[in-house]
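One structure is given here, and the rest of the page talks about it.
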Amino acid sequence: MDGTMARAADSSTAGTDPPAKVHRLRPLRVLLALRDRKFMRVTCFLLEQRGYDVVQDRSTRVVEAAARVQPDIVVFEAEASRGSSARILAGLAALPRAPGVITIVEQELHGSLLGVAAVAKWTPVDELAREIEAASLCRGRTIAREIPEP
């Protein structure tokens, strides 16, 4: 996570950890667009235990799934190609109801993609939940304006 995103997350959750279960009038809908079936099952179970409405999608068509599901947050695996991930981000930002975005990255690739929160694969679910809460406050503010044209 870059410094800008870290400061935004810190200022929105300063000194407070999210509760083990999140209670809202309507739970946050989280779209998990992940390729690793085991990782998706475990993550889905743990997020549902914390009160999130989780929808799973193993396809590589993240934007189409988000348009269909209309999630509050999209969690997807960053592609090895930054260009592919940037196209996904641009597509998500262009949706009528743009979701918050979190990318899942391999440990060695840990870092942000164009200012979007990045979480290492198999990170503790409490950290992922904190990132989901921070992303829910930034819905629709993806950094698509910074994506260079091909």
Side-chain angles (χ1 to χ4, degrees), residues 1-2 4-79 84-107 109-145 147:
M1 181 165 38
D2 73 355
T4 306
M5 192 64 187
R7 283 190 298 277
D10 289 344
S11 67
S12 65
T13 59
T16 62
D17 287 335
K21 281 193 171 229
V22 178
H23 298 283
R24 294 182 166 81
L25 293 175
R26 182 184 68 81
L28 284 177
R29 177 172 275 188
V30 178
L31 171 63
L32 294 179
L34 308 169
R35 293 180 299 272
D36 183 335
R37 190 173 288 171
K38 180 180 176 184
F39 177 68
M40 185 156 41
R41 270 193 315 234
V42 170
T43 303
C44 179
F45 172 77
L46 293 172
L47 290 176
E48 285 175 341
Q49 291 298 305
R50 283 163 175 75
Y52 296 103
D53 175 16
V54 181
V55 179
Q56 301 177 47
D57 191 289
R58 284 196 65 231
S59 76
T60 57
R61 300 178 187 267
V62 177
V63 178
E64 288 85 354
R68 183 179 67 254
V69 172
Q70 296 185 347
D72 299 302
I73 308 296
V74 172
V75 178
F76 75 96
E77 285 183 83
E79 302 286 328
S84 295
S85 294
R87 282 188 287 284
I88 292 171
L89 289 173
L92 292 171
L95 291 174
R97 189 172 170 266
V101 179
I102 298 171
T103 57
I104 299 294
V105 295
E106 293 297 328
Q107 198 71 0
L109 298 175
H110 192 80
S112 71
L113 173 71
L114 302 170
V116 174
V119 176
K121 193 171 184 179
W122 297 110
T123 195
V125 75
D126 289 336
E127 182 180 332
L128 179 58
R130 278 190 295 275
E131 291 297 336
I132 288 171
E133 292 300 318
S136 74
L137 300 173
C138 301
R139 277 186 292 229
R141 291 189 235 153
T142 54
I143 316 299
R145 292 177 302 280
I147 297 174

How long is the span from the [atom1] atom in [X] to the [atom2] atom in [Y], to the nearest 0.5 Å?
{"X": "Trp122", "Y": "Lys38", "atom1": "CH2", "atom2": "NZ", "result": "5.5 Å"}
{"X": "Lys121", "Y": "Thr103", "atom1": "NZ", "atom2": "OG1", "result": "13.0 Å"}
{"X": "Arg58", "Y": "Arg37", "atom1": "CZ", "atom2": "CZ", "result": "4.0 Å"}
{"X": "Leu128", "Y": "Asp126", "atom1": "CG", "atom2": "CG", "result": "9.5 Å"}
{"X": "Glu133", "Y": "Glu131", "atom1": "CD", "atom2": "CD", "result": "10.5 Å"}
{"X": "Ile88", "Y": "Glu77", "atom1": "CD1", "atom2": "CD", "result": "10.5 Å"}

Q | For the student: nearest non-hydrogen atoms of Pro71 and Ala66, plus distance | A |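 Here Pro71 and Ala66 meet closest at CD-O, 3.2 Å.
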**Q.** Smallest separation among heavy atoms of Ala93 and Ala98, with atom names
**A.** O-CB, 3.9 Å
Q: Test Leu47 against every option in Leu28, Leu32, Val75, Asp53 by the side chain to side chain contact (heavy atoms under 4.5 Å, CB included) rule and name the one that passes.
A: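 The single option meeting the side chain to side chain contact (heavy atoms under 4.5 Å, CB included) with Leu47 is Leu32.
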Q: Have a look at Val74 and tell me which of Val30, Asp57, Leu92 forms a side chain to side chain contact (heavy atoms under 4.5 Å, CB included) with it.
A: Leu92
Can you tell if the side chain of [X] reaches within under 4.5 Å of the side chain of [Y], non-hydrogen atoms only?
{"X": "Asp72", "Y": "Arg26", "answer": "yes"}
{"X": "Arg50", "Y": "Leu46", "answer": "yes"}
{"X": "Leu31", "Y": "Ile73", "answer": "no"}

Q: Report the C-alpha distance between Ile132 and Tyr52 in whole Å, list the side-chain angles of each, state the deciding distance to 0.1 Å, and finish with yes or no for side chain to side chain contact (heavy atoms under 4.5 Å, CB included).
A: CA-CA 10 Å; Ile132 288 171; Tyr52 296 103; 3.6 Å; yes
Q: Please confirm whether the backbone N or O of Val119 pairs with a side-chain atom of Thr123, one donor and one acceptor, at under 3.5 Å?
A: no
Q: Look at the side chain of Arg29 and the backbone N and O of Val55, then say whether any donor-acceptor pair between them is shorter than 3.5 Å.
A: no
